[in-house]
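A short worksheet on the structure shown next.
Please read all numbers here as calculations on a predicted model, not as lab measurements.
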Amino acid sequence: MISKKIFVCISIFSFIHLILSESKKVSPCNTQNCKPPNCRCSSTGVPGGLQPKDTPQFVLLTFDDAITIFNVPYYREAFVQRVNPDSCPVSATFFVSHEYSDYTLIHEMYSAGHEIALHSISHTTDTDYWRSASVEQLTDEFAGERSIVEKFAKIPASHVTGLRMPFLQMSANNSFQMMKDNNFIYDCSMPTRSFVSPGLWPYTLDYKSTQDCVIGPCPAGSIPGVWVIPMITWTTRDGFPCSMVDTCLGMPNTTQGLFEFFKQNFEKSYLSNKAPFGFYVHAAWFNVSPVHFEAYKKFLDYLKTLKDVFLVNASTVINWVRNPVSLTQMKNSNWSNCRKPGPISCKPVSCELCKKEGDNYVTRWVKLCDVSCPKSYPWLGNHFGAQDYANGCKRRWKW
């Protein structure tokens, strides 16, 4: 009798599971059902049915990892007094990771008009961790980091809407489900090698994606309203693809040669369907050779001469794709309502804090905005540093 009841329960559970699985199957995208501003099929077609000649060429300038005293001088120099054809300031996106970040400098970059996005709290180098991360783990990593940024860098959580997975390692549907659950808007982690020229425009995951999966497991479910900004890969001189510029092998070692390399990859978008062109890099690459930063600035100078090129952050691209307007309508900043640079309103507070790593304890220095030092170093499950680990460290500090 008990066995029969167990069998019936299992059967009912299996039936429910089957129904739920069937409901999550993804249908091919139909443009009649999927329309902006909240839905877009994965496509190389220009949003709004515009012709390339009437379409702005967006260039995404992004940087990964912590913002520190070692890399912020590059950002200050590269973007000072640069404006787009609509008089809006050039704006980069910083996918910040938590550890070693200086939150006063994150605040400075935000105040300068740049976008702050997320790259996780831990940024662990174990790619298996990211591949198999659950929705709950990813919520801890990214929603937790957004809370940290809001509290310690004084940036409204509503302005932190995007993320990039560490090492571009996808976790199937989980990261995107976490995004939907926590009101994130876009992901910029998925390279495409098949849609380069013409390139793939940003799209939502309401329906089945046509994008190639480079670093799986990639999303296969319907997650309405979550946007993907495809990372259109570059090609090296030897014909090898690379998603982050600093991973391109065999690049020229002169300023002019490197600039020409940048330009050749840029023209694959610019001379086709003008899909957003990404210059994705880690600032540490500038430390490798002074040629790298000189070529970067030379490339920005070149882009400034092109009156249909806009150097914008990732959120601005999504906003345009949702409500596309032609070049003739982009003569001023009204189309984007861009955020202009404002004053820095952060009183720096330096803290030496105790961090728990497994059974061990280490110290971390961190600079925060307008707060008293927390009891411990903010981390996973301890976003505001409320847990007191001071007794675990070898010495005490006077806070």
Separation of Asp86 CG from Ser336 OG (nearest 0.5 Å): 5.5 Å
Going by an N to O cut-off under 4.0 Å, is there a salt bridge joining Glu260 and Arg237? no
More than 12 heavy atoms from other groups under 6.0 Å of OH on Tyr302: yes
Could you tell me how the ring of Phe95 sits relative to the ring of Tyr186: parallel (under 30°), tilted (30 to 60°) or perpendicular (over 60°)? perpendicular
Trp320 and Phe58 aromatic ring geometry - parallel, tilted or perpendicular at 30°/60° bounds: perpendicular
According to the ring pair (Phe, Tyr, Trp, His ring centres under 6.0 Å) rule, which pairs have a member within residues 123-149, sequence neighbours left out? His119-His123, His123-Phe167
Can a side-chain donor-acceptor contact be found between Thr192 and Asp212 if the only test is distance below 3.5 angstrom? yes
Can you tell me if Arg146 uses its side chain to pair, donor with acceptor, with the backbone of Asn182 under 3.5 Å? yes
Give the ring-plane orientation class for Trp285 versus Phe262, where under 30° counts as parallel, over 60° as perpendicular and anything between as tilted. tilted
Quick one: does any side-chain atom of Lys180 pair with a main-chain N or O of Ile223 as donor and acceptor, under 3.5 Å? no
Is the shortest side-chain N to carboxylate O distance from Glu115 to Arg339 below 4.0 Å? no
Looking only at atom types and distance, does a side-chain atom of Asn33 sit under 3.5 Å from a main-chain N or O of Cys29, one as donor and one as acceptor? no
Go through the steps for Thr93 and Arg164 under the test side-chain hydrogen bond (donor to acceptor under 3.5 Å, both in side chains), then give the verdict. CA-CA 11 Å; Thr93 295; Arg164 175 172 287 158; over 6 Å; no
Honestly, is Lys355 close enough over Trp379, meaning NZ or CZ under 6.0 Å from the six-membered ring centre and within 45° of the axis? yes
Salt-bridge present (Arg82, Asp301; N to O < 4.0 Å): yes
Supply the atom-to-atom distance Asp238 CG to Cys248 SG, rounded to the nearest 0.5 angstrom. 11.5 Å
Aromatic ring centroids of His114 and Tyr75 under 6.0 Å? no
Just by modelled atom types, is the Gly381 backbone N or O under 3.5 Å from a matching donor or acceptor in the Asp140 side chain? yes
Using a 3.5 Å distance criterion without hydrogens, assess whether the side chain of Asn71 forms a donor-acceptor pair with backbone atoms of Ala66. yes
Please tabulate, for the side chains in residues 150-159, all donor-acceptor contacts under 3.5 angstrom to protein atoms that are two or more places apart in sequence or on a different chain.
{"residue": "Glu150", "atom": "OE2", "partner": "Ala157", "partner atom": "N", "Å": "3.3"}
{"residue": "Lys154", "atom": "NZ", "partner": "Ser345", "partner atom": "O", "Å": "2.6"}
{"residue": "Lys154", "atom": "NZ", "partner": "Asp370", "partner atom": "OD2", "Å": "2.8"}
{"residue": "His159", "atom": "ND1", "partner": "Tyr110", "partner atom": "OH", "Å": "2.5"}

Please list every donor-acceptor pair under 3.5 Å in which a side-chain atom of residues 195-205 meets a protein atom from a residue at least two apart or in another chain.
{"residue": "Ser197", "atom": "OG", "partner": "Lys268", "partner atom": "O", "Å": "2.8"}
{"residue": "Tyr203", "atom": "OH", "partner": "Ser209", "partner atom": "OG", "Å": "2.9"}
{"residue": "Tyr203", "atom": "OH", "partner": "Gln211", "partner atom": "OE1", "Å": "2.6"}
{"residue": "Thr204", "atom": "OG1", "partner": "Arg40", "partner atom": "N", "Å": "3.2"}
{"residue": "Thr204", "atom": "OG1", "partner": "Arg40", "partner atom": "O", "Å": "3.4"}
{"residue": "Thr204", "atom": "OG1", "partner": "Asp206", "partner atom": "OD1", "Å": "2.7"}

Might you confirm whether atom CD of Gln51 has over 12 heavy atoms from other residues, nucleotides or ligands at distances under 6.0 Å? no
Ignoring hydrogens and angles, state whether a donor on the side chain of Thr124 or Ser122 is under 3.5 Å from an acceptor on the partner side chain. no
Any donor-acceptor N/O pair, Asn313 side chain to Ser91 backbone, under 3.5 Å: no
Do His98 and Tyr377 have their ring centres less than 6.0 Å from each other? yes
